[in-house]
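Below you'll find the structure, written out as structure tokens, and then a few comments.
Basis for what follows: all heavy atoms, side chains included, without hydrogens, waters or symmetry-related copies. Below, read A as the first sequence line, B as the second, and so on, with proteins coming before strands; counting in each chain starts at 1.
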Amino acid sequence: MEQLPSSVVPRSVVESVRMLRDREVSSEELTRIYLDRIERVDGDLGAFVARFEEECLAAARDADVALAAGERGRLLLGVPMAIKDIIATREAETRCNSDVRNPPWTARRDSAVVTRLRRAGAVILGKLTTNEYALGGPDPTKAFPIPHNPWNLHRTAGGSSSGSGVAVAAGLCAAALGTDTGGSIRLPAAFNGVTGMVPTFGIVPSDGLVPLAWSMDRVGPMARTAEDCAVVFAALAGRTPASRLSDAIGQPDLTGIRLAIVREPLAVPGADLASADVLDAAEQVLADLGAEAVTRELPLYAETAAAAKLTLFGEAFDVHRELLAAHWRRYGSETRLALVRGAFVSSADYMRAQRVRTVATQAMTRIFADVDLIVMPTATIGAPERAGFAEPGILEHVHTFYWSATGYPVVALPAGFTADGLPLGLQFVARAGADDRLLMMSQTFQSVTDHHLRVPAVVAS
Amino acid sequence: VNKADGELHGVVERYGLPLTNAEIADLGALQSAVRSLADLVASVDAARTADPAMTFLPSIDDDAGPNR
């Protein structure tokens, strides 16, 4: 693994903005650099399903005019980004990696989040691969690219925001948008060694997002650093113009922060041995920064994760039931069987799941009254082989569903590697609405660690 | 057709899903996995927690995350 040389492309959104404002590079030059990189390496990585070359170069030239005039108000002015293809953009219909067309989504229009990115000055390079309708797996019988993990091309990129994770890890865009219902930002962030943020449920608008499970769907940024995610999140939350890029952290210090480390995921048989070391090392870093460790258990952990899965199955089946009946064989084989699980969720099952979500959320609210930060593994394994990713034994090592059920903000960040060089990640979680504070704590952690700056050799070459 | 197979075929017929025979054979395992999750969730009852959410019906909107 190597550090990404800044002479190739800027190492972060923040560095991109600085270079654009200082006229070290123009937005058009930067956009052409990314388009060239996509052309050269994406054939092997499969991150992009559509490129908007004409439109993004026009947007970049507009940004250059504004930058030349000294504009500083827009957060992402001239910064090239890419969008998961279940989020609507005006340049192309939203295809969700599916041969099944869902009529409301074939119209070309901008989703609320893309409108906000454009308002903040972002340049939209194109659309990124997703698991079919954010649920199935890559299907080689379909005409869509198969995403490959840049750390090991035989390993899964995770999902469902697989293209977003790959594109950021491979330096094919400065940042990307993903969506997360059961872990679809956090898992590809962990497997591809990048940083992803899932905002508090309801803070970022979901209008224009093809639904998977509407009571848990969230849109968020994926980028190299928490600081980058903070800039994109500010744009997604509608905070433009802004006088500064992000809150400067000054001297790294977490004095006064009460920290709970959750170790239960390490006990699942088959967890990678390095997972415990990664969590221990992070705890030591946070303690050295002044955080005070306290012991807390997550209330109803297994039951609440199960409630999230039942909710996802039931809501997704309702979204797709007519299309499934009409186009069964046009769905990927993995997707249609994943969707049909919802037919077995009864109304009583669904309502009990909502009660359990409420109980767990309220219990967590009480815990967050005197805990500022919860840290736990995202997954306790590195990216598995693509073919085996959907196996039940693999998914037991994924620990994202509890926070899907309860809706708290989460930053998933790189924190180490397995013995064979695959990234491992942690989830940082904070109380509802404390998104900025969570990003600040994550940024502070990254200011004294370098896992997030490591990139696969294939990218740096 | 035994009772379990009848339930599976009932789901297929109710929703008009044109499953292949191989897929119908997979439904039993899918149904079993969903029932395991549902049983785990149902183990949280009013006897296990005194939280009012277990005795008053929550609205779906209110359940959608902590941001309320």
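- Put simply, the side chain of Tyr408(A) gets close to the backbone of Thr365(A): a donor and an acceptor are under 3.5 Å apart.
- Considering all non-hydrogen atoms of both residues, Phe201(A) and Asp217(A) come closest at CE1-O, 3.6 Å.
- Side-chain N or O atoms of Arg218(A) include one that pairs as donor or acceptor with a backbone N or O of Pro199(A) at under 3.5 Å.
- Using a 3.5 Å distance cut-off with no hydrogens or angles, the side chains of Thr400(A) and Gln427(A) do not pair a donor with an acceptor.
- When Pro18(B), Ala38(B), Gly16(B) are compared by the number of non-hydrogen pairs under 4.5 Å with chain A, Pro18(B) comes out ahead.
- Interface remark: of the candidates Ala302(A), Ala325(A), Pro299(A), Ala353(A), Ala325(A) forms the most heavy-atom pairs closer than 4.5 Å to chain B.
- Within the 4.5 angstrom heavy-atom criterion, only side-chain atoms of Arg329(A), from C-beta onward, approach chain B.
- Contacts between Leu300(A) and chain B at a heavy-atom distance below 4.5 Å involve the side chain alone, from C-beta outward.
- Within a 6.0 Å sphere centred on CD of Glu264(A), heavy atoms belonging to other residues, nucleotides or ligands number more than 12.
- The residue among Met216(A), Met364(A), Arg336(A) with the most heavy atom pairs within less than 4.5 Å of chain B is Arg336(A).
- For chain A, the option among Leu27(B), Leu17(B), Asp39(B) with the highest count of heavy-atom pairs below 4.5 Å is Leu17(B).
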